[in-house]
Structures are given as structure tokens and as C-alpha cells.
Amino acid sequence: MVSRVIPVDPFDLVIFGGTGDLARRKILPGLFRRFRSGQMPEGARIIAAARSEMDRAGYQQMIADAIQEFGAEEKNDKDAIAKFLDVLDYTPIDAKGKDGWAALASMVRKDVIQAFYFSVAPSLFGDLAQRLHDYKISNDQSRIVVEKPFGRDLETAKALNKSLADHFDEKQIYRIDHYLGKETVQNLMAVRFGNVLFEPLWNNHYVDHIQITVAETVGVGGRGAYYDRSGAMRDMVQNHLMQLLCLIAMEPPSQFGADEVRDEKLKVIRALKPVDPHHIVRGQYDAGPDGPSYREDAENPRSFTESFIAMKCHIDNWRWAGVPFYLRTGKRMKARTSEIAVVFKDLGHSIFEGDEKRHRNILAIRLQPNEGIDLQVTIKEPGPGGMRLVDVPLDMTFADALGHAEHEVPDAYERLIMDVIRGSQTLFMRGDEVEAAWAWTDPLIQGWEERNDVPKHYDAGSSGPEDALMLLHREGRKWRDIKG
Ligand code: NAP
């Protein structure tokens with residue numbers, strides 16, 4: 001596939017935490033793909049910074065190895081790799097001390113776009129912002145990119161926002177939620193606002209309910225102790241699932257601009273009703289053939305943290321009054337899948353004799369795997385025997401429809417980083433959005449902590465606890481199957 005190249009101006013991208021897991025696994029391999037597809041201008045430079053003592057050649061080798069480990073077929077393009085490595089530089093720095101800052105100041109150019117990616121623990125965000133300012137490295141055009149988790153509650157999120165706002169304007173701050181960089185998430189907006197078909201039906205007159213599922217097959221082993229302080233609500237719902245909810249539920253923005261889109265998302269978050277505790281099911285996976293139980297993974301035999309959560313939410317506005325939004329996410333589930341399903345209402349009346357089945361149109365937007373869209377429609381079953389109706393999928397995988405392989409679709413990180421360079425904030429979270437999301441989340445977490453709610457058990461490799469199935473069953477609804 002030939003990429004459509006949108007030119008960007010020369011830039012210096014400084015990656016704090018350039019030796020870390022995220023930088024080696026996602027950021028640098030992603031930047032390499034953009035470089036290879038011609039999206040980096042002449043004169044672009046990437047400067048990695050971390051405490052490790054290393055010279056430029058050492059860092060280039062580290063990234064050459066990372067591309068081999070984490071890259072796809074582009075890792076065989078030795079010529080492109082050599083040219084990309086030439087763009088990289090490294091400088092040792094201590095985010096909390098004085099070491100390395102003068103050297104960084106002398107490296108970063110003043111006359112090009114400057115972006116500073118904080119790929120470090122959030123506890124260092126304030127230190128980095130302060131030193132970029134004190135050492136006069138950044139200016140009022142510089143951009144900073146920060147990673148999740150953005151706080152663990154409203155109070156910490158406000159403190160983080162303040163530590164950045166002390167030195168940077170909101171227009172300079174890019175809070176990453178990599179779900180927003182996924183091709184299909186953007187397609188959600190294209191489908192809604194680029195077609196005449198769906199928008200008239202996108203309301204409580206026609207939509208019965210909406211399901212958002214993000215299921216993972218992996219457990220928390222390896223980062224169990226870290227995860228145990230967070231849980232599925234903080235790790236997934238407060239950010240990724242709420243972002244998906246916002247995009248599916250928001251009013252049409254007047255244009256696809258950063259503030260127009262984010263204003264509409266914010267209204268959705270603010271219209272979310274508090275959730276009835278009976279409409280929340282939390283779970284922990286048991287040991288299975290593929291691994292230990294959640295509590296063993298978390299190294300906490302008395303843990304009450306959830307590795308699974310399902311809940312029924314309501315948005316208190318005219319469009320969605322009475323329409324349940326069911327959210328579900330968990331670890332060690334039966335398949336890895338992320339999907340949003342808009343389940344339309346039954347036909348009020350069937351003209352076909354003997355047709356007693358409740359036929360429903362369902363628009364399912366698959367984020368992974370096989371990014372695509374599937375519209376369930378009802379047709380006549382072929383053959384004799386009268387008008388027997390059957391539900392079939394109108395299934396479109398983007399890769400097939402657009403004639404390219406899945407690996408050619410830009411990864412979320414590479415797309416988002418290039419948006420930072422272009423100065424487009426549409427796919428990044430604004431400070432007030434993050435705070436509003438925590439303001440909705442906090443009382444729910446406090447509620448189950450105060451009640452000492454014990455998470456339900458579920459089998460590893462299942463669809464979650466029985467109670468989560470009941471959440472829909474008792475209302476005559478059904479979760480969609482979790483399929484990989
Ligand atoms: P990591 O592997 O622990 O890397 C942390 C980086 O920070 C290392 O490069 C480390 O290098 C550097 N560092 C630590 N202390 C420093 C200091 N005082 N001064 C300068 N550099 C320092 O963490 P990570 O997994 O890459 O995560 C980075 C950020 O991304 C975190 O906020 C994390 O929550 C977020 N995130 C990560 C992922 C992921 O998949 N990994 C996904 C989503 C979000 P030195 O030890 O050499 O200093």
C-alpha cells in the first residue's frame with residue numbers, strides 16, 4: 001500500500017524514559033515505521049534521555065535490537081533501519097536532579113518543533129515539566145506528551161494537571177489514551193458522522209442498548225503487584241472504555257477539531273449517572289491450566305482488587321434516556337477482543353407468518369482483532385418453504401475492504417506521535433475530561449471499598465463471573481459472545 005504522506009515540519013522529539021519498556025516496545029518501533037513510510041521530514045531528530053549511562057552508539061544498538069524484537073516485516077529492511085538509527089541520539093539525564101539538563105539544553109534546537117514525550121512514571125511528570133522550564137529548554141510552542149495512568153483518583157489527577165499547567169498551557173499538553181489512536185476508533189466517528197444511514201437511528205427511539213467489551217486473555221503476571229493497586233476500573237474503564245463510550249454517545253461536533261470533539265465528550269462524561277452498586281459486577285480469575293489465580297499473580301492472598309468488571313451505566317440526556325450502556329473488561333478471558341456493539345430495537349411487528357424470532361439489527365465495531373465493522377441484518381433463508389427469516393452478518397474487515405494487510409495499518413502510537421508533531425490534539429484527552437472521568441469513577445470505587453465488596457470468582461478462559469451474565473439476562477438481554 002502506498003501511504004498518503006501528510007508533510008510535517010522538522011522536529012526534535014525528546015523521549016524521557018527512552019530506555020524503558022514502552023519506548024522500546026511501542027514508541028521507537030512505531031517511529032521507525034513512520035520514518036520508513038516517508039512521514040518524517042529531513043532534519044527530524046529523536047533524542048532519548050534516561051538515567052542509564054550510555055553513548056549514542058549504545059542507544060542505537062538498543063533500538064536496533066528493539067526493532068528486531070518488536071517490529072513486523074519492516075524489521076528486514078536493513079537499509080531503512082540504518083538511516084533511522086542515524087536520526088537517534090541519547091543523553092543521560094536525571095529527572096529529579098541536575099545531571100544532564102545543561103547537556104540536553106545544548107542539544108535541543110530552538111528553531112524547530114519541540115516535543116517532549118514523558119515515557120516515565122507519572123511521579124516524574126512534575127519534575128520534568130519544572131526542569132524543562134527552569135533550564136529554558138522548552139518554549140511556549142513546545143508540546144509535551146504524557147502517558148497513562150493520569151492519576152489514580154480525582155485528587156491525584158488534579159495535582160498532576162496542576163504540575164503540568166504550572167509550566168505549560170493546555171494547548172501544549174497531549175495526554176495519550178492509545179485507544180483513541182486505533183484506526184477503528186476513528187472509524188467509529190467516520191461511520192457515525194460520514195454516513196447518512198446511522199445518525200438518524202442513533203438514539204433511544206431505535207437503540208435498545210449498547211455493549212462495550214474489552215477482553216484480554218493475559219493475566220496480570222509480571223506486573224501483578226502494580227496492577228493490584230489499580231484494578232480493572234482504574235486501569236481500563238476510567239480511560240479506555242470511557243473514551244469509547246464518549247465517542248459512541250457524543251453529539252455531533254460542529255467540526256472534527258480538538259476542542260469541538262472534546263467539548264462533546266466532556267458533556268457525555270458529565271451526563272453519566274452514578275451507577276447503582278447492584279449494576280456493578282467485579283471479579284477475579286481463578287487458577288487455570290494456563291496459569292495461577294489472580295491473587296497468586298498479584299502476590300496478595302487477601303486482594304479485593306478486580307481483574308474483571310462489568311457494569312450498566314446510563315447517560316442522563318435526551319438522546320440516551322433509558323438506553324443502558326453495558327461495559328465489560330477483564331483479564332484471562334476466553335479470547336482477546338475489543339468490540340462496541342450497538343443493538344437496535346426489535347421490529348414492533350412482523351408481517352411474516354410463523355416468524356416469532358426477535359430479529360435485531362446489530363452494528364458491531366471491532367477494534368481488535370480483525371479491525372472492522374459487522375452489521376447484522378435479517379434476510380430470507382434461501383430455498384423453498386416460504387418466508388423463513390435468518391440473521392446474517394454484513395461483515396467488513398478493513399484490511400480486506402481496503403486491500404492491504406493488517407500490519408500496514410499504522411499502530412496507535414505512531415499515529416498519535418505524528419499528531420503531536422502536527423499539533424493536532426483531537427485524539428488526546430483534555431485535562432477537564434480526565435478530571436470529569438475521575439469524578440464519576442471515584443464514588444463507585446469508594447462505594448465498594450467501604451462495603452468491603454469481595455470480587456466474584458471466574459474461571460480463567462471464561463466470559464467472566466456468572467453474575468455478569470445475569471446483569472443482562474435478568475433484563476432479557478444477552479452479552480455478545482467473546483470471540484477472538
Ligand atoms: P519502564 O520500563 O519502567 O521505564 C521507565 C523509564 O524511565 C526508563 O527509561 C528509566 O530509565 C526512566 N527513568 C526512571 N527514573 C528516571 C529518572 N529519575 N530520570 C530519568 N529517567 C528515569 O516503564 P514503561 O513501561 O516504559 O512506562 C513508561 C510510562 O508509560 C509509565 O508512565 C507507564 O505507566 C506508561 N505506560 C506504559 C505502558 C507499557 O506498555 N509499558 C503502557 C501504557 C502506559 P533509567 O532507569 O535508565 O533511568
Side-chain angles (χ1 to χ4, degrees), residues 13-31 46-56 58-59 61-63 65-66 69-70 88-104 107 116-132 134-135 137 144-152 156-157 159-160 163-164 173-182 214 216 218 220-232 234-241 243 329 331 336 411-414 416-417 420 428-429 434:
L13 170 63
V14 177
I15 305 176
F16 294 109
T19 57
D21 175 69
L22 184 68
R24 286 183 298 107
R25 210 154 44 82
K26 290 280 181 193
I27 303 174
L28 271 309
L31 284 166
I46 299 165
I47 303 165
R51 284 170 310 182
S52 304
E53 284 298 334
M54 200 186 304
D55 60 11
R56 182 173 182 223
Y59 189 71
Q61 187 57 51
M62 176 185 261
I63 298 312
D65 294 345
E69 192 175 348
F70 303 112
L88 304 185
D89 209 338
Y90 180 83
T91 189
I93 210 156
D94 181 5
K96 284 181 151 327
K98 292 183 176 166
D99 292 349
W101 287 95
L104 182 65
M107 288 168 94
F116 300 95
Y117 198 131
F118 293 6
S119 181
V120 294
S123 57
L124 298 177
F125 290 177
D127 296 302
L128 291 176
Q130 169 98 44
R131 282 166 179 72
L132 283 172
D134 290 353
Y135 285 86
I137 300 173
I144 58 170
V145 186
V146 295
E147 268 296 337
K148 86 162 200 184
F150 202 83
R152 57 173 280 108
T156 48
L160 270 183
S163 69
L164 301 179
I173 304 171
Y174 292 70
R175 294 176 194 75
I176 286 212
D177 183 324
H178 73 272
Y179 265 58
L180 292 178
K182 287 180 185 284
V214 177
E216 295 173 276
V218 292
V220 301
R223 61 176 199 127
Y226 162 81
Y227 185 92
D228 203 44
R229 288 192 294 278
S230 139
R234 288 191 170 98
D235 192 47
M236 296 297 291
V237 177
Q238 186 274 343
N239 37 63
H240 307 319
L241 274 80
Q243 288 295 322
T329 181
K331 307 273 181 201
R336 175 172 176 261
D411 170 73
Y413 274 97
E414 50 192 280
L416 291 173
I417 296 170
V420 174
F428 296 83
M429 293 179 297
V434 177

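Positions are given from 1 along the sequence. One-based numbering, in listed order, for ligands and for the atoms of each.
Considering only non-hydrogen protein atoms, atom 33 (C) of ligand 1 sits nearest to Lys148 O, 3.7 Å. Here the heavy atom of the protein found nearest to atom 11 (O) of ligand 1 is Thr19 OG1, 3.1 Å.
Heavy-atom contacts of Pro122 reach the following atoms of ligand 1: 32 (O) (cutoff under 4.0 Å). Close approach of ligand 1 to Ser119 (heavy-atom distance below 4.0 Å) involves ligand atoms 6 (C), 28 (C), 29 (C). Interface atoms of ligand 1 facing Gly20, defined by a heavy-atom separation under 4.0 Å, are 2 (O), 4 (O), 8 (C), 9 (O), 26 (O). The contact set between ligand 1 and Asp94, taken as ligand atoms under 4.0 Å from a residue heavy atom, comprises 17 (C), 18 (N), 19 (N). The Arg25 neighbourhood of ligand 1 comprises atoms 39 (C), 40 (O), 41 (N), with distances under 4.0 Å to a heavy atom of that residue.
At least one N or O atom of Leu22 sits closer than 3.5 Å to an N or O atom of ligand 1. Backbone and side-chain nitrogen or oxygen atoms of Ala23 are examined, and none is located within less than 3.5 angstrom of a nitrogen or oxygen of ligand 1. Not a single N or O atom of Tyr413, backbone or side chain, sits closer than 3.5 Å to an N or O atom of ligand 1. Of the N or O atoms in Ala49, none lie within a sub-3.5 Å distance of an N or O in ligand 1.
Of all heavy-atom pairs spanning Gln238 and Val434, the tightest one is NE2-O, 3.6 Å.
A donor-acceptor pair is defined here as one N or O able to donate and one able to accept, closer than 3.5 Å; such a pair exists between the side chain of Thr329 and the backbone of Val214. Looking only at distances, a side-chain donor or acceptor of Arg131 sits under 3.5 Å from a matching main-chain atom of Gly97. When atom types are taken as modelled, the side chain of Arg56 and the backbone of Tyr90 share no donor-acceptor pair closer than 3.5 angstrom.
At a cut-off of 3.5 Å, with distance as the only test, a side-chain donor of His240 or Lys148 sits close to an acceptor on the other residue. At a cut-off of 3.5 Å, with distance as the only test, no side-chain donor of Asn239 or Gln243 sits close to an acceptor on the other residue.
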Inset, instruction - Just do the side chain to side chain contact (heavy atoms under 4.5 Å, CB included) check on Leu104 and Tyr135 with the steps written out, would you? - result: CA-CA 9 Å; Leu104 182 65; Tyr135 285 86; over 6 Å; no
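Only the side chain of Glu147 comes within contact range of ligand 1, with a heavy atom under 4.0 Å; no backbone atom does.
With sequence neighbours excluded, no residue satisfies ring pair (Phe, Tyr, Trp, His ring centres under 6.0 Å) with Phe116.
Distances from ligand 1 to the non-hydrogen atoms of His178 include no value under 4.0 Å.
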